[in-house]
Amino acid sequence: MAAAKEIRTQIGSIKNTQKITSAMEMVAASKMRKAQDLMKAGQPYAKQIRNVVGHIADANPEYKHDYMVERSEVKRVGYIVVSTDRGLCGGLNVNLFKAVVKDAVAWKQQGAELDFCALGSKAGAFFRNYGGNLIAAKSGLGKHQPLRV
Amino acid sequence: MLEAYDEGRLDRLYVVYNEFVNTMTQRPVVRQLLPLSSDMGADAKHDKENARPGSWDYLYEPDAKALLDSLLVRFIESQVYQAVVENGACEQAARMIAMKSATDNAGNLIDDLEMVYNKARQAAITQEISEIVGGASAV
């Protein structure tokens with residue numbers, strides 16, 4: 001009966017893990033609703049300001065702001081990478097970093113240097129390891145982020 | 001980053017975040033922030049075509065140059081903010097999915113183990129019975 005006892009303890013430990021994961025699932029579900037509301041609240045503003053900027057830029061073709069001029073030679077490329085602060089969210093961050101690295105490698109082959117700005121502790125950790133030029137890192141962006149980060 | 005761009009140390013700026021498609025899918029996107037891509041003008045044009053008849057062009061005060069200067073910075077900030085918020089929603093959604101599958105997996109594992117446990121118990125009982133029967137018949 002020694003094996004049966006072992007199996008019983010294993011079942012017990014898995015049941016405990018299940019309890020934790022299901023609790024985290026519920027927490028994430030409620031947080032998701034809040035985060036989605038926040039996202040939806042911001043969307044009209046982002047869209048509208050995009051429209052207004054596009055509109056003004058369209059209406060005044062004679063004035064070219066510095067931001068709108070395509071620079072022919074690209075020597076240095078900057079990335080603002082937005083990641084999460086905590087793990088246990090599937091392949092979310094990994095997929096994101098893969099996309100960044102793919103894009104960055106393409107620029108590197110064209111001889112451009114890379115700068116990274118990491119938002120979220122996961123991105124900070126990743127790019128410290130990756131060896132890019134990390135110029136700014138900020139984590140712990142709360143639920144109510146100020147507009148100016 | 002903006003300062004770096006102003007000073008000419010950066011020639012291109014991208015923002016990378018997870019786009020929230022729906023609860024089940026999030027897509028990593030790399031969006032060019034600076035220089036502003038030309039498709040924005042296309043967006044505005046598109047809007048103009050869809051605009052209701054009778055709508056008019058706004059007059060901007062003060063002149064467009066001053067307005068653009070301050071507006072563009074605000075615009076970039078809002079885009080980054082939106083990226084952060086959207087990524088936050090994605091994080092929670094992805095975590096929920098990951099935890100859900102973890103819970104399901106744990107359930108499956110428990111079912112399997114329970115099966116093994118019951119089999120082992122039954123085998124032990126059967127063995128005991130056969131031992132008793134064997135002992136009884138020997139007497």
Side-chain angles (χ1 to χ4, degrees), chain A residues 1 3-4 7-8 10-11 14-15 17-18 21-22 24-25 28-29 31-32 35-36 38-39 42 45-46 49-51 53-58 60 63 65 67-71 74-82 84 88-90 92 95-96 99-100 103 115 117 119 141 145 147-149, chain B residues 1 4 9-18 20 26 28 30 34-36 40-41 43-44 47 60 64-65 67-68 71-72 74-75 77-100 102-103 106-107 109-110 113-114 116-117 120-121 124:
Chain A
M1 282 303 265
I7 294 170
R8 255 215 314 254
Q10 206 174 347
I11 290 176
I14 292 175
K15 264 188 183 151
T17 313
Q18 194 184 26
T21 53
S22 73
M24 281 178 81
E25 182 193 336
K31 275 189 184 171
M32 184 187 73
Q36 253 174 326
L38 204 61
M39 180 186 84
Y45 178 70
I49 198 164
R50 205 179 160 83
N51 275 342
V53 168
H55 196 93
I56 302 179
D58 211 38
N60 299 279
Y63 174 64
H65 191 271
Y67 287 169
M68 290 193 256
V69 185
E70 283 274 341
R71 297 181 187 175
V74 181
K75 286 201 291 284
R76 198 164 256 282
V77 182
Y79 287 95
I80 299 177
V81 184
V82 186
T84 66
L88 289 183
C89 46
L92 190 75
N95 288 340
L96 191 72
V100 180
D103 210 66
D115 272 349
C117 167
L119 298 180
L141 300 175
Q145 292 95 343
L147 188 55
R148 285 165 197 276
V149 182
Chain B
M1 283 300 232
R9 276 186 284 131
L10 281 177
D11 298 310
R12 228 158 243 250
L13 184 58
Y14 291 94
V15 63
V16 192
Y17 64 101
N18 283 295
F20 191 91
Q26 300 89 26
V30 182
L34 293 172
L36 296 181
M40 268 195 26
D43 272 4
D47 270 15
Y60 291 105
K65 184 178 181 303
L67 202 63
L68 266 183
L71 204 57
L72 277 171
R74 184 69 73 81
F75 167 69
E77 276 169 1
S78 90
Q79 291 291 311
V80 174
Y81 172 77
Q82 190 64 27
V84 170
V85 184
E86 199 155 333
N87 200 68
C90 283
E91 175 190 357
Q92 299 305 340
R95 180 168 295 128
M96 195 186 82
I97 301 301
M99 287 304 128
K100 192 176 166 54
T103 312
L109 218 54
I110 287 175
L113 278 176
E114 223 141 51
V116 173
Y117 171 71
R121 199 172 59 107

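We name chains A, B, ... by the order of the sequence lines, and we start the count at 1 in each one.
Here Glu86(B) pairs with nothing under the salt bridge (Lys or Arg N to Asp or Glu O under 4.0 Å) rule; sequence neighbours left out. Residues that satisfy the side chain to side chain contact (heavy atoms under 4.5 Å, CB included) test with Ala94(B), not counting sequence neighbours, are Cys89(A), Leu92(A), Gln26(B).
Each of Asn87(B), Val15(B), Val16(B), Val80(B) was compared with Leu119(A) under the side chain to side chain contact (heavy atoms under 4.5 Å, CB included) criterion, and only Val80(B) meets it.
In this structure, CZ in Arg121(B) is found 9.5 Å from CZ in Arg8(A), a value given to the nearest 0.5 Å. To the nearest 0.5 angstrom, Ile110(B) atom CD1 is 6.0 Å from Ile14(A) atom CD1. To the nearest 0.5 Å, atoms CD (Gln36(A)) and CD (Gln92(B)) are separated by 10.5 Å. Here Leu88(A) contributes atom CG and Met99(B) contributes atom CE; the two are 4.5 Å apart, rounded to the nearest 0.5 Å. Distance CD/Gln10(A) to CG/Leu109(B): 7.0 Å, rounded to 0.5 Å.
Smallest separation of non-hydrogen atoms from Tyr17(B) and Val82(A): CB-CB, 3.9 Å. Summarising the geometry of Met39(A) relative to Ala89(B), their closest heavy-atom pair is SD-CB, 4.1 Å, with the distance given to 0.1 Å. Summarising the geometry of Asn95(A) relative to Pro28(B), their closest heavy-atom pair is O-CG, 3.9 Å, with the distance given to 0.1 Å.
When heavy atoms are compared at a cutoff of 4.5 Å, Gln82(B) approaches chain A solely by way of its side chain, counted from C-beta outward. When heavy atoms are compared at a cutoff of 4.5 Å, Thr17(A) does not approach chain B at all.
Put simply, the side chain of Tyr79(A) reaches to within 4.5 Å of the side chain of Val30(B), judged on heavy atoms.
Side-chain atoms of Glu25(A) never come within 3.5 Å of backbone atoms of Ile97(B) as a donor-acceptor pair (strictly under, hydrogens ignored).
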